[in-house]
Protein chains: 2
Amino acid sequence: MKVREAEPSKRRLKDDVFEQFARIGKAVASPKRLELLDILCQGPRTVERLAELTQISVANSSQHLQILRAARLVEAEKHGLFVQYCLAEGVETFYLGLRGLAERRLAEVEVATRSYLGEREAMEPVGGGELLQRALSGQVTVLDVRPAEEYRAGHLPYARSIPLSELHLRLGELPRDRDVVAYCRGPYCVFAIEAVKALRSAGFSALRLESGPPDWRAAGLPLVAES
Amino acid sequence: MKVREAEPSKRRLKDDVFEQFARIGKAVASPKRLELLDILCQGPRTVERLAELTQISVANSSQHLQILRAARLVEAEKHGLFVQYCLAEGVETFYLGLRGLAERRLAEVEVATRSYLGEREAMEPVGGGELLQRALSGQVTVLDVRPAEEYRAGHLPYARSIPLSELHLRLGELPRDRDVVAYCRGPYCVFAIEAVKALRSAGFSALRLESGPPDWRAAGLPLVAES
DNA sequence: CTTATATTCAATTGATTTCTTGAATATAGG
DNA sequence: CCTATATTCAAGAAATCAATTGAATATAAG
């Protein structure tokens, strides 16, 4: 084993630098932390909410969030008794890049999602720009089926909010003379799939938009937030 | 601790999906693996060369490379007795995104590099486009001081190759009537800094271009490769 | 076939990481 | 001040990971 000695100070520099880079890597090396980032792409959340959504204990959630914060991927803001966590700037883009790379490179992800979601491939007929045109001209109803708080944090123009949990009670609000396009958090969220299922069995012509607010934001589309 | 049970199959789906995403994360959670990716941004390398450049044992290097390969971040190709590793498609962009995020978010990186590199801030006066203009019109000499093999794998148009190790012997080749702009692998490589130091003490008016081929490739600039 | 070389495999050790549990801190309201 | 609640801290057990070592493959050349 020959070890050719480079100048030691250069080696120390490199070690330092890549050690820093790896802090980001380590932060996204845990499935639970990635799920936290995914949720935070939808908007700020409290520790307890995040724990609930990821189904881990509050203490564990807090610990993960602090690791993310140490890597400067999220920021915390204390509001009275609660602590709101939100994504730091530029992190959404990075996360989407990671997700995109995973989707393209890891066939297993495809397999996993398809096998669970099943109907997925039949449900992305509408592109973003085209959708807007059709919504604008009244040809389709755009439906945001995420929880109301996420709708308020940012939604497609012309989209109306009916959270999936209330959908079966509020079907009457939807005009029956045009298509409904439902969307939720993005390709790995099942809300819109369930919504389309429910709408179709209620006699609506319903489609699912596969992408979600994080994707649109990354693509530069203008989203509407309630004040 | 209240655990609100969501539908268990959805949870399993999410766990699977984020587990897959985390494979990418885990792959970039080690400083040495990031350094390997960084080097591979410059072009394909053999296992032994990578071990040498990162100053780890060959066995260890091979192990890291196999982790990267399992995450589909690199690809291996056997040429006779040697195995060439190269970046998979889309990975360079991802790596640069990670690096960029680290630079913006982790002040410590700045501190570490500045404290070692010292002169760094005084050495990036030329932007990419402007440089090309000036090189084209013969106002400056563009000098690639990386090892010759990296030059061959892709370099700036109008750049000439003089590896740092040969620079002191080949100073005579450079015209003295114009500025020299030296570049190497990118902001975390010390070659160009050393080259500028040497050139200046030999009486040249020398500048350092901070960015490197991976950055330019990401920015869509056309690079020249020897056939 | 034998030898030399590049790479990989396998087993071990010590270090990190994750999750859990129970306690500690901080804040709002009575 | 006292209580309830949201969050964080601290310590420990189990799992995972990184680096080392020595052996095992595979390929080219003699």
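First the proteins, then the strands, lettered A, B, ... as listed; each starts at 1.
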Partner residues of B:Y151 under the ring pair (Phe, Tyr, Trp, His ring centres under 6.0 Å) criterion, sequence neighbours left out | B:H155

A:P31 versus B:F18, closest heavy-atom pair with distance = O-CB, 3.7 Å

Is it true that A:R185 and A:D215 make a salt bridge, defined as a side-chain N closer than 4.0 Å to a carboxylate O?
-> no

So, A:E150 and A:R45, do they make that salt bridge, N to O below 4.0 Å?
-> yes

A:I56 CD1 to C:dT18 C1', straight-line distance once rounded to whole Å | 10 Å

What is the distance, rounded to the nearest whole Å, between atom CG of A:L36 and atom P of C:dT18?
-> 12 Å

Contact check, side chains of B:L37 and B:V74, non-hydrogen atoms, under 4.5 Å = yes

Base-contact (B) and sugar-phosphate-only (S) positions in nucleotides 4-12 of chain C, heavy-atom cut-off under 4.0 Å, - elsewhere = -BSSBBB--

Determine whether the side chains of B:Q20 and B:R23 contain a donor N or O and an acceptor N or O closer than 3.5 Å.
-> yes

Close approaches to DNA chain C from residues 26-35 of chain A, in residue order (heavy atom, under 4.0 Å) | A:K26, A:S30, A:R33

Look at the side-chain N and O atoms of A:H79 and state whether any lies under 4.0 Å from the OP1 or OP2 oxygen of C:dT27.
-> no

Any ion pair linking A:E52 and A:R49 (charged N to carboxylate O, less than 4.0 Å)?
-> yes

Just say parallel, tilted or perpendicular for the rings of B:F94 and A:F94, cut-offs at 30° and 60°.
-> parallel

